[in-house]
Structure formats: C-alpha cells, structure tokens
Number of protein chains: 2
Amino acid sequence: MATINDVAKRANVGRGTVSRVINNEPFVSEETRKKVLKAIEELNYHPSSFARGLASQNSYTIGVIMDNTMDKVYANPFIYEVFRGVEKSVYEGGYNLLLLGKNTYQNGKLAVERVLQGKMVDGLILQEQIIDSEYFKNIEQYNIPIVSIGKLENRDDISWIDIDNHMAGYMAAEYLYSRGYKKIAFEGVELEKIFARERYEGYKEFIGSKGLSVMEANELLQNIEGVICLDNIYAYKILQRCKKINKKVPEEIGIITFDNYPLAEYLQPSVTNIEIDLFQLGLCAGSEMLNKLRNRNCEVNRIRIPVSVNIRETTR
Amino acid sequence: MATINDVAKRANVGRGTVSRVINNEPFVSEETRKKVLKAIEELNYHPSSFARGLASQNSYTIGVIMDNTMDKVYANPFIYEVFRGVEKSVYEGGYNLLLLGKNTYQNGKLAVERVLQGKMVDGLILQEQIIDSEYFKNIEQYNIPIVSIGKLENRDDISWIDIDNHMAGYMAAEYLYSRGYKKIAFEGVELEKIFARERYEGYKEFIGSKGLSVMEANELLQNIEGVICLDNIYAYKILQRCKKINKKVPEEIGIITFDNYPLAEYLQPSVTNIEIDLFQLGLCAGSEMLNKLRNRNCEVNRIRIPVSVNIRETTR
DNA sequence: TAGATGATTGGGAGCGGTTCCAACTCTAAC
DNA sequence: GTTAGAGTTGGAACCGCTCCCAATCATCTA
C-alpha cells in the first residue's frame, strides 16, 4: 500500500507538496499538481485516515446518535430514512459517519463519551429529544459542532433542522377546506410535543384566517366534516368510529394525517397525508454539519423542510 | 488532554508498560499495573484512536452497509431494528460502528472503497442482497472479515446470521393447525426470495407431517380454513377478500403472517404473526464479527435466530 | 544591477500510540 | 557463588500524515 512518501518520490517532489495537493491547498503550481496527481493515480494511493487524524487532529468523521432508549424502532419507524439522508450528504462531503446509540456502553462508560474522548468525531448530529438532558451537558463539554434533528426551543446557540410543522398544519387544513370540508377538527393535540403544537398552531392559523372555529373531534363526530390527525394511529381510530356510526369517508367526512407509515398505502382506505421528506431532512442535517465544520464560526441556522400533500382515499 | 507519556511519567514507568496495561497484556506485575491504572484514572486518560490505528494497523471499527438502492426505507422498515442490535454488540465489544451506504459516493468513488482503502474498518457487516454482485467482488479483495445478515447460498466461506425461516413457516402452519384450522394455504410463494422459499418449505414440512395437502389461496378462498401470508400486505389483501365474500375472521378462517409492521397492532383486526427478533439478529451479527476479529481463523458459522408466535385477532 | 516581494518547494519535527529488543531483577538449580 | 531462565521493564524506531520554517526561484521596481 503506497504512502505519501512513495508518491513524493515518484513525482519527484517533497512530501509537503503532495500533502498540499491532496488537501487542495493553494501555492502549488499547476505543473507540479499534475505530476503529483499522476503519481497518485499510478500508485493507487489513498491517504491513511489514521495518520491524517493523528497529525491534523481531525477525524473527518461525524457521529450520529440514535435514540435507542425505546424498546422497538416501531415507535419511530421514520428515523432510518433520516439517517439515509445524513449518510449520503456526509460521505459526499468527504466525511465518514459513525453510528452511535444514545444508551450504549463501552467498557463501562457511555460509548459516546469514549468516542468523544478518543477524538473520533469532529461533529455530532443528534435528535432534539437528547438535548437539554443531563446526558447532553456531558457531550457539550467536548466543544465540537452539534446539529439537531428537530427544533430546539431553549437553545439559540445550536443549529437545527426540522419539518415545517406549522406549514404542515396549515396545509392540512387548507387542503381539507379546498375539497369542501368546512368544519375541521384536529385530533391528537399533544401539546407537550413540539411538533404537535406547531402543527396545531398552523391549523389554527388557517382556521382563523377563514373565520372558522377550532374544534376537536367529538365521540360521534357530530357536526364535523374534516379531521386532521396527528398520526396514522389517530387516523385509524377515527376511521373505526366513522364505520361504527356509519359515516361515509370521504363523502361525508374527510381525513388527513401527517405521517406515512410503511404499510399505509396498502390499507383501505388509504389515508391522505401531508408528506414529509425525511430523506431531505437528513440530507440537510448533514450539509449543515459540513458547513459548521468548514467554517467554525458560521451563524446558527434554523432550517425548515417544506412539506406537500399526498392525496389518497380519505379525501374527496 | 493526557497522552500515554503523561501517564508513564506520572506512574513512573515506561511508555511500553502503559501500553501493556491498556491492552491487557501479560508480563506486567500486579503492582505496576495498579500504579498505571491509578495514573490513568487520575489523568482521565484515553488513548487516541488515531495513534493507535496508525501504529497497530487496526481501526477498532466495524463497517455496516445499508442498502440505499431503494427509494424509501418503507420498502424495508425493519433494517433499522437490526442495526440497533449491531450497534449495541459492536460497541460493547469495544469496537465502533461506521455506517455506510451501498451506493454512496465520495470524491467520485464508491464510499465503501475509500473506507476500505483508508483502512478505516477492520470488518464489514452487510446484507445478503449485496453479496454475489460485481460490487461485492470489489469489497472482497480487501481481505477483511465479512458477516452477512441473511443466509448465503453460494458461499460457504462467509458466516451469516438469519431468522429461522424454515421454523417460522413450520410454526405458522402448526399454530393454525393447533387452533383447529386444517385446510391451510400459503399466500406469497415468491420463490426467488430465499426467505420466502424457506418459509414455504417449513410450511410444506408441517403440512406433509399431518398428511394434509399444500394449497394456495384461491380467489374465493373456497375450501380454505387458514392462510399463511408472506407479509402484512398479503395479509391485508386476504382480509379485504374475506370481507368481500363475507367470510368471518377468525371464526371461519384464520390468518397469520410473518412480519410485524409498525402500524400492525393498531389495525383492526390486528393480524396474528410469527414474531421475528430483529434486534437479536443484529446483536448476533455483531458478536459474530467480533468473534472473527479476535480469532481470525475461527470457523464459518451459520446462525439461526428462533421465532415465536405473536397471537392477535385473526386467529381464534 | 541590486534589492524587494511574492510564489513555490523541500523536509524536519511532531502527532500518540505499538512493537520489539536489550537490559535488568529475581529465583532456583548446580 | 555462579549461572540459567523466566518474569518484567524501558525506550528507540516506526506508523503515515500535517504543519511550518527556511530556501529557492521568478518577477518587478528603482
């Protein structure tokens, strides 16, 4: 396996020059650069990440933390899609991705701490649930860039990426309205969850703008023409109720939800939903991290991923 | 941040001795070991993974490849659960986990190759779909241990871990039979898929052992008392048919499936299934890799993860 | 033509570990 | 008392890169 010295010798230049070429630094003449590139090609040379890491104190690796506190992923079947996006942007930016569990231990210590202490990652991507905990304070000390997947409320020093939940709530209401459903309720007002609150706010905004009134879905769905459900589970419960009281979907009542469970499109009726681009979310989280890494004092960003309506069978 | 020299100085020993203690090597007196451990503790010392990697040519990192050829994870919502298992066992074994996409590029080359060439991983865990392809031949050259998640048919030199699909098929039939369903069909005989074939074989074995005959689910489900479905989607289609022809589930017909989609338990009726422990699968894949890493010429293993019946509403 | 300036270039000195060999200590045997 | 051998120990050499300084070269100015 060729080293930087082999390349230097073959190209008839110094080690420093090769290093400059590899790292795309200025102050190398075009002629020299070509010679070096040629030698690299011929020797099929690839820099050792360890030597590089050791010398530069950079790992060129980003850590992503998965929340493994829950028993089953089934509680959050969506996160993998986000990771796919993170993976893609991180690698394409020339970095690598270390996957870490929140609660994983290594030699009796939290694995994250080991990784941080061993300087194995230059930055950390984590989910908003993790921040603000005791756990997070630990991490923060290491003073590396952090990006959160999910909005942060009490920290204006950390960049985050999230779905545009407000818009999602607004659009859900707007879509139902545009299909002729006027009396629209929101099901699943779990105000302790940020995303739920935001979606609810978006819904309220639209409702207000039309002079309608905010509603929750009552037991018999009396006087309700449309329901916005926080997730598929709520949607299916509403569907059950409709069946029980013999209310026709989508003729008499329209239903829309936000998430899109793996099985959802095969079910009957399939539920119209606000489509959330989780892959895009991951992609952005990755680029934002690269951003921070390349420019340490870039500003804190809050990024919102737009959403769209995915029309299925529960709306006319 | 303390280095090995600081520790050596503080403990009043040589660098080599500290190294021996860190790596748990023999030939260190108990007394010295204690001194060193104390110094390590006091200085909060953690070896640099780069220095270590550079000197020892070991990365203490395992790569896991995710299949990102499909557009959406929705096609395989289960793999994240497997990764959770891999992650856990790998870290607890003192290794780290690098997450890699199959088709991700880095500087115009496949990321996997870059990682392999940069010697960033000591071993690779991948899914069976990846093996046997042109792609895989590339990987194989690097001559590091490989473990496959999913049975391998044409390679007896690579260890793999899989669900006990044969047993799953057998148990599905057995369970239906035990609940009084005798005429049992198998829906979703996708013989090109290994796992489908194996489940089908298991089903046939049980059916044969009772002197019953193998069936497929006909359009009107005539003469059928139980259906084993390859996955939830098949199950829901069968359920639709039952509704159409007014056949009562679970009274007149029993339905069982193999997978367990995130939403499945909330649906009505929820489908009885053979429960597959994907986390365990990942756990085993990780340990098997550690095995190989610690003992290079250990034998090739084929490991089967047992399954169980998860009773829900489509069987009486 | 000398001197100044800026663009290139070479290579020594680390980075923080592991490996290995020589040296030292301590018994046990002769 | 000497010697052999096993158990310990220290530290030089090295892993393959980056960083930085000094040296060289080309160009421009007075």
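Note on naming: letters A, B, ... go to the chains in the order of the sequence lines (proteins, then strands), and numbering restarts at 1 for each one.
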- Task: Return no unless some side-chain N or O of B/S48 is found under 4.0 Å from OP1 or OP2 of C/dC15.
- Result: no
- Could you work out which one of C/dT18, C/dG16, C/dT9 sits closest to the side chain of B/S56? C/dT18
- Residue pair B/I125, B/I149: steps toward the side-chain contact (heavy atoms from CB on, under 4.5 Å) verdict: CA-CA 7 Å; B/I125 295 178; B/I149 290 173; 3.7 Å; yes
- Task: Starting at atom CD of B/E31, determine the distance to atom P of C/dT25, rounded to an integer number of angstrom.
- Result: 15 Å
- Query: Has A/K292 got more than 12 heavy atoms of other residues, nucleotides or ligands less than 6.0 Å from its NZ?
  - Reply: yes
- Task: Can you tell me the distance, in whole Å, between the CZ atom of A/F27 and the P atom of C/dT5?
- Result: 17 Å
Could you list the protein-to-nucleotides 12-14 of chain C atom pairs, N/O on both sides, closer than 3.5 Å?
residue : atom : partner : partner atom : Å
C/dG12  : N7   : A/R15   : NH2          : 3.1
C/dG12  : O6   : A/R15   : NH2          : 3.2
C/dA13  : N6   : A/R15   : NH2          : 2.9

- Query: So, is A/Y45 near the phosphate of D/dC17, with a side-chain N or O under 4.0 Å from OP1 or OP2?
  - Reply: yes
- Message: Before you tell me yes or no, could you show the steps for B/Y95 and B/T61 under side-chain contact (heavy atoms from CB on, under 4.5 Å), namely the whole-Å CA-CA distance, both residues' side-chain angles and the distance that decides it to 0.1 Å?
- Response: CA-CA 5 Å; B/Y95 278 70; B/T61 297; 5.7 Å; no
- Message: Over all strands shown, is A/N12 touching base, sugar-phosphate only, or nothing at heavy-atom distances under 4.0 angstrom?
- Response: sugar-phosphate
- Item | Nearest-0.5 Å distance, OH of residue B/Y80 to CD of residue B/E87 | 9.0 Å
- Whole-Å distance between D/dC17 C1' and A/H46 NE2? 16 Å
- Is the number of heavy atoms from other residues, nucleotides or ligands under 6.0 Å of A/K9 NZ greater than 12? no
- Does a side-chain N or O from A/T32 land closer than 4.0 Å to OP1 or OP2 of C/dT8, or not? no
- Message: Can you measure A/K119 atom NZ to C/dC15 atom P for me and round it to whole angstrom units?
- Response: 11 Å
- Query: Nearest to the side chain of A/Q57 - D/dG16, C/dG16, C/dT8?
  - Reply: C/dG16
- Item | Any A/N23 side-chain nitrogen or oxygen under 4.0 Å from OP1 or OP2 of D/dT18 | yes
- A/S19 vs D/dT18: side-chain N/O to OP1/OP2 distance below 4.0 Å: yes
- Assign each of B/L54 and A/T17 the nucleotide of DNA chain C bearing its closest heavy atom; nearer the 5' end lies the nucleotide of A/T17
- Query: Considering only heavy atoms from C-beta outward, does the side chain of B/L97 approach that of A/L100 to under 4.5 Å?
  - Reply: no
- Item | Proximity to the side chain of B/E25 - top-ranked nucleotide from D/dC17, C/dT19, C/dG16 | C/dT19
- Item | Separation of C/dT18 C1' from B/N24 CG (nearest whole Å) | 15 Å
- Note on the structure: Out of D/dT18, C/dT18, D/dG10, minimum distance to the side chain of A/I4 belongs to D/dT18
- Quick one: list whatever passes salt bridge (charged side-chain N to carboxylate O under 4.0 Å, His left out) with A/R20, sequence neighbours left out. none
- Task: Side chain of A/R20 only, please: which of C/dG11, C/dT19, C/dG17 is the nearest?
- Result: C/dG11
- Verify, without hydrogens or angle tests, whether A/D164 (side chain) and A/P306 (backbone) share a donor-acceptor contact under 3.5 angstrom. no
- Return the value, rounded to whole Å, for the distance between atom CD1 of A/I22 and atom C1' of D/dT18. 10 Å
- Item | Protein-nucleotide distance (B/M120, atom CE; D/dC17, atom C1'), rounded to Å | 14 Å
- Task: Would you mind classifying the nucleic acid contact of B/V18 as base, sugar-phosphate or nothing, using non-hydrogen atoms under 4.0 angstrom?
- Result: nothing
- Query: In whole Å, what is the span from the NZ atom of A/K9 to the P atom of C/dT9?
  - Reply: 20 Å
